[in-house]
Amino acid sequence: YRRQVLEGAAALKKLAVDYAHPELGVVTSDPTATARCYFDRASAPEQEDTEEADYRRQVLEDAAALKKLAVDYAHPELGVVTSDPTATARCYFDRASAPEQEDSEEAEYRRQVLEDAAALK
């Protein structure tokens, strides 16, 4: 009886060491004992590491930004939407410091006056 108890205790100790130290690996004497790795098998789904996932996310973000720019370029009638209240545009033709523009009637009158002045000389 004592021998059986010691064999049982030794088996339990071996199981406890195997459980507590998975880095030790498995040693077997049976040549037919094999294990199947469900991660490296040929039919396993493709796995991405974190670098590939980050690169893929960056590429998709870049593609989305390029698509938005292409839509903005191809459809100027959509306008610009902004949430920044300080974002403004400056019109260089209607500003106070812009040179004054003549309309066609004033330009025609000016041309006529210059021709008359040249004829008087």
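Atoms considered below: every heavy atom in the structure, side chains included; atoms not considered: hydrogens, waters and symmetry mates.
Closest heavy-atom contact between Gln47 and Glu52: O-OE1, 4.2 Å.
Glu106 places a side-chain heavy atom less than 4.5 Å from the side chain of Asp103.
In Arg111, the CZ atom is crowded: over 12 heavy atoms of neighbouring residues, nucleotides or ligands sit closer than 6.0 Å. In Gln112, the CD atom is crowded: over 12 heavy atoms of neighbouring residues, nucleotides or ligands sit closer than 6.0 Å.
Taking CD of Glu61 as the start and CZ of Arg57 as the end, the distance is 4.5 Å to the nearest 0.5 Å.
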